[in-house]
Amino acid sequence: NAGVTQTPKFRVLKTGQSMTLLCAQDMNHEYMYWYRQDPGMGLRLIHYSVGEGTTAKGEVPDGYNVSRLKKQNFLLGLESAAPSQTSVYFCASSDITGGEQYFGPGTRLTVT
Amino acid sequence: DQQVKQNSPSLSVQEGRISILNCDYTNSMFDYFLWYKKYPAEGPTFLISISSIKDKNEDGRFTVFLNKSAKHLSLHIVPSQPGDSAVYFCAASVGQTGANNLFFGTGTRLTVIP
């Protein structure tokens, strides 16, 4: 039981490049979330999903897209990376009762 | 605007003593509160939660207190251990069930000195 996993762990992009971050969970959770964490700030919600095939915007969705084609996977895409997207990205999941969220180890992204 | 605030960026405590971490919130609609612990290069891990129908919740060495009128909660760790050294995040949401969007504070770095 791996819980929530994220790939890659680190990535450096040039401005304008695109990439996809993958999150996978093996707990059969309905809900999945993407957060970003910046220095001096708490985690902020980017997008979330309440089930396979559904997505919704969070607090800071601009510049990101997401997809939930399979229940266990939640993808975060950056179509044209900007230096302001340099951050640590965390994926999380929770079951249908909500409550606590389980987090992955994070992806550190640097955009130069 | 930050809806959940942790005004102390750091706290140092001697091993065996009590650690008290504080959190304030501004949104009166929040009714579910959580504390997460984070070690470097790892994701946050859930520690303890409290619903607004309670004013205290205990789990072993960890106790969370909620003061709704003051919009304030605190986490007490007794006794503190060196392994408790980590960053602690307070989080809040409207509702506990369903996909609850969590709003996080900026974190407090706790150092427990042996």
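Hydrogens, waters and symmetry mates are skipped; everything else that's a heavy atom, side chains included, is used. From a predicted model like this one, the values you see are computed outputs, not experimental measurements. Each chain gets a letter, A, B and so on, in the order its sequence line appears, and its residues count up from 1.
- Most heavy-atom pairs under 4.5 Å with chain B, from the set A/Arg44, A/Met32, A/Glu30, A/Gln37: that is A/Gln37.
- No chain of hydrophobic side-chain contacts below 4.5 Å, direct or via other Ile, Leu, Val, Met, Phe, Trp or Tyr residues, connects A/Val4 to A/Tyr89.
- At a 4.5 Å heavy-atom cutoff, A/Gln6 makes no contact with chain B through either its backbone or its side chain.
- For B/Arg109, the CZ atom sits in a loose shell: 12 or fewer heavy atoms of surrounding residues, nucleotides or ligands are nearer than 6.0 Å.
- Interface residue A/Leu45: only side-chain heavy atoms are found under 4.5 Å from chain B.
- Top candidate by heavy-atom pairs under 4.5 Å with chain A, chosen from B/Pro44, B/Ala41, B/Ser93, B/Gly105, is B/Pro44.
- The number of heavy-atom neighbours closer than 6.0 Å to NZ of B/Lys68, taken from other residues, nucleotides and ligands shown, is above 12.
- Linking ILVMFWY residues whenever their side-chain heavy atoms come closer than 4.5 Å, directly or via other members, places B/Leu11 and B/Ile48 in the same cluster.
- The distance from atom CG of B/Leu102 to atom CD of A/Glu100, rounded to the nearest 0.5 Å, is 10.5 Å.
- Under the 4.5 Å side-chain contact rule for hydrophobic residues, B/Tyr88 and B/Ile20 do not share a cluster.
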Worksheet item: What do the steps show when you test B/Phe103 against A/Glu59 for side-chain contact (heavy atoms from CB on, under 4.5 Å), and what is the final call?
Response: CA-CA 9 Å; B/Phe103 291 85; A/Glu59 187 184 353; 4.1 Å; yes
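- More than 12 heavy atoms of other residues, nucleotides or ligands shown are found within 6.0 angstrom of NZ on A/Lys71.
- The CD atom of B/Glu42 sits 9.5 Å away from atom CZ of A/Phe90, with the distance rounded to the nearest 0.5 Å.
- For a residue to count as touching a neighbouring chain, one of its non-hydrogen atoms must lie under 4.5 Å from one of that chain's; by this rule B/Ala91 does not touch chain A.
- Between B/Tyr36 and A/Gln101, the closest side-chain pair of non-hydrogen atoms falls below 4.5 Å.
- B/Asn101 contributes atom CG, which lies 6.5 Å from atom OH of A/Tyr35 (distance to the nearest 0.5 angstrom).
- The hydrophobic clustering, which links ILVMFWY residues whose side-chain heavy atoms are closer than 4.5 Å, places B/Phe62 and B/Leu73 together.
- A/Leu21 is not connected to A/Tyr102 by any chain of hydrophobic side-chain contacts under 4.5 Å among Ile, Leu, Val, Met, Phe, Trp and Tyr, and they are in different clusters.
- Between B/Phe46 and A/Phe103, every side-chain heavy-atom pair lies at or beyond the 4.5 Å cut-off.
- Contacts between B/Gln6 and chain A at a heavy-atom distance below 4.5 Å are absent for every atom of the residue.
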